[in-house]
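The next block holds one structure in the form of structure tokens; read it before the comments.
Chain letters run A, B, ... following the sequence lines, proteins first, then strands; residues in each count from 1.
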2 protein chains.
Amino acid sequence: MHDVAARAGVSIKTVSNVVNDRPHISAETRERVDRAIAELDYQVNVSARNLRLGRTGMIGLAIPALSVAYYGELADLVISRAAEEGLTVVVEPTAACRDAEIDALRGARRRLTDGLLIAPVTLTAADVTHLSAAGPLVILGEDVLDPAFDHVTMADVDGARAATELLLAQGRRRIAVVGPAPGEESKAGGLRLTGYRQALRAAGVPYDESLVVAAGAWGREDGARAALSLLDAGLAPDAVFAVTDTLALGVLHTLRTHGVAVPEDVAVVGFDDVDEARFSHPTLTSVSPGRAEIARTAVRLLQRRLVADGPVEPVVHQAEFRLVERGSTGADRAADSGE
Amino acid sequence: MHDVAARAGVSIKTVSNVVNDRPHISAETRERVDRAIAELDYQVNVSARNLRLGRTGMIGLAIPALSVAYYGELADLVISRAAEEGLTVVVEPTAACRDAEIDALRGARRRLTDGLLIAPVTLTAADVTHLSAAGPLVILGEDVLDPAFDHVTMADVDGARAATELLLAQGRRRIAVVGPAPGEESKAGGLRLTGYRQALRAAGVPYDESLVVAAGAWGREDGARAALSLLDAGLAPDAVFAVTDTLALGVLHTLRTHGVAVPEDVAVVGFDDVDEARFSHPTLTSVSPGRAEIARTAVRLLQRRLVADGPVEPVVHQAEFRLVERGSTGADRAADSGE
DNA sequence: CTGAAAGCGCTAACAC
DNA sequence: GTGTTAGCGCTTTCAG
């Protein structure tokens with residue numbers, strides 16, 4: 001910067017002003033400085049600027065893993081939105097592990113970033129003591145852990161209700177649910193089960209607990225196994241609502257290998273609307289949780305805290321969902337793929 | 001740090017020594033400093049340290065997108081290896097777009113990081129002029145763009161040959177290839193086609209160009225479409241080698257919907273060994289390119305440059321592949337999933 | 001509108 | 001073994 005100033009025949013302060021696009025600089029001076037910058041191939045030193053400004057321009061994104069389709073797609077969106085705000089994202093995979101989530105909250109990495117976006121899987125409301133570690137924070141996820149923090153949630157209950165209503169409208173009455181673990185009322189699976197029950201109640205269809213199958217984890221194989229247990233038990237459902245797309249894809253697999261026609265014999269709906277749902281066989285009807293809106297809102301809320309002087313009123317934002325109908329509920333599939 | 005020094009009754013320099021684990025510090029002093037650090041909840045200022053040291057402790061990872069399974073899985077591994085080296089990763093999705101790839105190489109972000117790992121999709125050897133932008137660099141990918149840089153490649157040719165040999169050993173003689181675009185000899189598709197041809201030649205099986213089907217892009221739907229064109233053309237292959245798993249998954253889809261039994265009528269092999277291959281129907285035999293080794297080696301090569309004083313001799317490293325046999329070539333599927 | 005000087009928090013010579 | 005001191009490159013009062 002000294003060199004640039006010397007070459008342009010101005011003071012170092014003027015160079016700084018030009019670089020930071022300050023007003024009150026004569027066009028002629030600005031041009032001279034710009035030329036000097038170009039000639040010397042000068043680039044500002046980010047570390048020095050950060051030191052002086054007391055911020056790093058970076059935010060953390062703590063999620064279970066990038067290899068999980070939902071989070072990989074979310075990360076792409078967050079990175080893109082953050083870039084528009086001039087922010088750089090550091091991804092911290094937590095492997096859905098409690099220690100890693102706490103570390104994201106309190107660890108050294110936290111000092112490296114100005115703020116944190118975290119999608120907690122294992123943390124509970126009781127862990128908010130850990131969250132008290134200072135610094136701007138936005139929580140992504142289903143349940144509101146502590147209303148003292150910003151939350152960006154999705155419409156688990158309403159989305160699940162809409163999915164169930166679609167099945168009911170087709171005359172389906174024995175609608176199985178795959179995924180919810182007992183006792184997880186406030187997590188995604190539990191909330192989505194709540195939406196399902198609301199739809200049943202509104203339609204006057206009795207709730208049959210034997211049609212609810214837990215799935216262990218949320219992988220394809222868990223869905224396949226759950227569907228198998230449904231078939232083996234002779235429960236003869238005429239529809240399945242799986243609380244995630246990966247589970248639904250596993251369900252589709254089992255139904256296919258057992259000669260059950262989808263959607264004729266059994267309709268299937270998932271949740272998440274991952275890319276793979278557009279290409280499965282049949283294509284998968286799913287609740288799109290508004291990933292783009294979630295990413296956008298999360299970055300915006302965090303940025304709001306970054307630029308704020310004083311304390312900021314916490315916000316809970318729920319993204320709008322959309323039910324995307326595809327082949328697994330009999331929708332026209334012509335637009336879905338090239339087949 | 002001043003406060004810590006004051007409270008511990010030592011100089012600021014001693015605090016620095018303790019924090020950085022320097023030798024020649026009496027246990028007693030160290031303990032006193034540690035206590036003061038804990039009491040004051042002191043954390044080093046990363047920006048200041050970086051400014052002083054002239055480095056940031058961060059590396060970039062430029063890949064097409066995290067939502068693409070292969071790259072999402074790779075990113076998880078790179079982040080984990082980098083963390084072991086004390087490095088923080090900044091992911092830069094390029095959307096397989098030329099401008100974004102050049103920006104990763106020359107843009108402002110480059111100044112923020114000490115080094116860059118890039119998986120170029122559009123850059124060619126001619127673009128090495130852009131690569132000349134200073135700074136440690138490791139190139140991930142199939143072809144060697146410029147031997148002046150470190151490259152971490154995978155065994156495209158050998159892996160494809162092994163895949164083809166497996167099919168030949170089963171007596172398959174009409175082995176279709178899905179994916180290679182004409183004129184991309186040095187890209188992944190072309191290299192994998194080369195391996196296929198080597199295997200045919202070694203087995204004395206004539207190369208039939210009509211069995212090679214380009215696929216446009218590398219999505220599931222592209223594979224489905226390519227398989228359809230094979231069937232429509234009445235080419236009656238008894239096996240398909242798809243140059244990526246996503247293509248292979250599309251191929252499986254089409255075969256299934258057309259009543260072609262896999263592996264009885266047609267065996268299928270993919271390349272990449274993405275997680276989804278373990279759960280498809282049937283499970284997919286695939287060439288595992290050694291993702292873990294690629295991630296490990298790439299981080300190691302970059303770190304080598306980061307710590308080096310003078311110039312470093314460039315290295316080209318090819319990861320070891322492994323052919324993973326699954327249901328789509330008739331392997332025992334018992335271990336693959338819970339079904 | 002531009003210049004001079006101070007200092008962000010840390011590390012590394014160099015003395016003691 | 002430990003203390004003193006001089007910057008790393010930038011932004012920013014405060015003068016002019």
Side-chain angles (χ1 to χ4, degrees), chain A residues 1-37 40-58 86 88 108-114 134-135 306-307 309, chain B residues 1-37 40-58 86 88 108-114 134-135 306-307 309:
Chain A
M1 193 174 245
H2 280 105
D3 301 345
V4 173
R7 186 178 253 268
V10 299
S11 89
I12 187 175
K13 157 73 170 157
T14 306
V15 178
S16 173
N17 282 342
V18 170
V19 169
N20 293 292
D21 243 3
R22 288 288 144 57
H24 309 311
I25 300 217
S26 74
E28 197 252 340
T29 306
R30 155 163 284 131
E31 205 225 326
R32 227 174 41 234
V33 172
D34 279 338
R35 192 165 46 239
I37 287 176
L40 269 52
D41 196 23
Y42 163 81
Q43 305 202 244
V44 306
N45 178 316
V46 185
S47 296
R49 168 180 288 175
N50 290 343
L51 172 58
R52 184 62 239 232
L53 263 39
R55 47 163 213 65
T56 66
M58 298 196 291
T88 296
R109 196 59 67 72
R110 191 74 197 280
R111 298 284 319 165
L112 184 71
T113 51
D114 296 334
L306 297 185
V307 301
D309 286 330
Chain B
M1 193 173 244
H2 280 106
D3 301 345
V4 174
R7 185 178 251 268
V10 299
S11 89
I12 187 177
K13 158 70 170 156
T14 304
V15 177
S16 173
N17 281 341
V18 170
V19 168
N20 294 291
D21 243 4
R22 288 289 145 58
H24 308 311
I25 300 218
S26 75
E28 196 252 340
T29 306
R30 154 164 284 131
E31 204 224 327
R32 231 177 34 238
V33 173
D34 278 338
R35 193 165 46 237
I37 287 177
L40 269 51
D41 196 23
Y42 163 81
Q43 305 202 244
V44 306
N45 179 315
V46 186
S47 296
R49 170 179 287 175
N50 290 344
L51 173 58
R52 183 62 238 225
L53 262 40
R55 47 163 213 67
T56 65
M58 298 195 292
T88 296
R109 198 57 69 72
R110 192 74 199 280
R111 297 284 318 166
L112 183 71
T113 52
D114 296 334
L306 297 185
V307 301
D309 286 328

Student check: side-chain heavy atoms of A:S47 and A:L51 closer than 4.5 Å: no
Approximate separation, where rounding is to 0.5 Å, of A:M1 CE and A:N45 CG: 9.5 Å
Any B:Q43 side-chain heavy atom under 4.5 Å of A:R110 side chain: no
Sub-4.0 Å heavy-atom contacts from residues 3-10 of chain A onto DNA chain C, ordered by number: A:V10
Along DNA chain C, first and last positions that approach a heavy atom of chain A under 4.0 Å: C:dC1 to C:dG9
Summary of protein contacts for nucleotides 11-16 of chain D, nucleotide by nucleotide, where a base hit scores B, a sugar-phosphate-only hit scores S (4.0 Å, heavy atoms): BBB---
OP1 or OP2 of D:dG9 under 4.0 Å from side-chain N/O of A:S47: no
Minimum heavy-atom distance A:A36-A:A8, with the two atoms named: CB-CB, 4.0 Å
Sugar-phosphate, base or nothing in reach of A:L51, heavy atoms under 4.0 Å: base
A:S16 and its side-chain contact (heavy atoms from CB on, under 4.5 Å) partner, picked from A:V18, A:I12, A:V19, A:N20: A:N20
side-chain contact (heavy atoms from CB on, under 4.5 Å) assessment of B:R55 paired with B:L306: CA-CA 9 Å; B:R55 47 163 213 67; B:L306 297 185; over 6 Å; no
Salt bridge (charged side-chain N to carboxylate O under 4.0 Å, His left out): pairs with one or both residues in residues 4-24 of chain B, sequence neighbours excluded: B:R7-B:E39, B:D21-B:R30
Touch class at under 4.0 angstrom, heavy-atom based, for A:T29 against every strand present: sugar-phosphate
B:N50 CG to D:dC10 C1', straight-line distance once rounded to whole Å: 14 Å
A:T29: side-chain contact (heavy atoms from CB on, under 4.5 Å) partners, not counting sequence neighbours: A:V10, A:T14, A:I25, A:S26, A:V33
Close side-chain approach of B:V44 to A:R111, heavy-atom, < 4.5 Å: no
Passing option when B:D3 is tested against B:L40, B:I37, B:V15 for side-chain contact (heavy atoms from CB on, under 4.5 Å): B:L40
CA sep, side-chain torsions, deciding dist, call: B:R109, B:L112, side-chain contact (heavy atoms from CB on, under 4.5 Å): CA-CA 5 Å; B:R109 198 57 69 72; B:L112 183 71; 3.8 Å; yes
Atom of A:T56, atom of A:D114 and distance for their closest heavy-atom approach: N-OD1, 2.8 Å
Relative orientation of the end axes in the helix from C:dC1-D:dG16 to C:dC16-D:dG1, expressed as an angle to the nearest 10° (five pairs per end): 30°
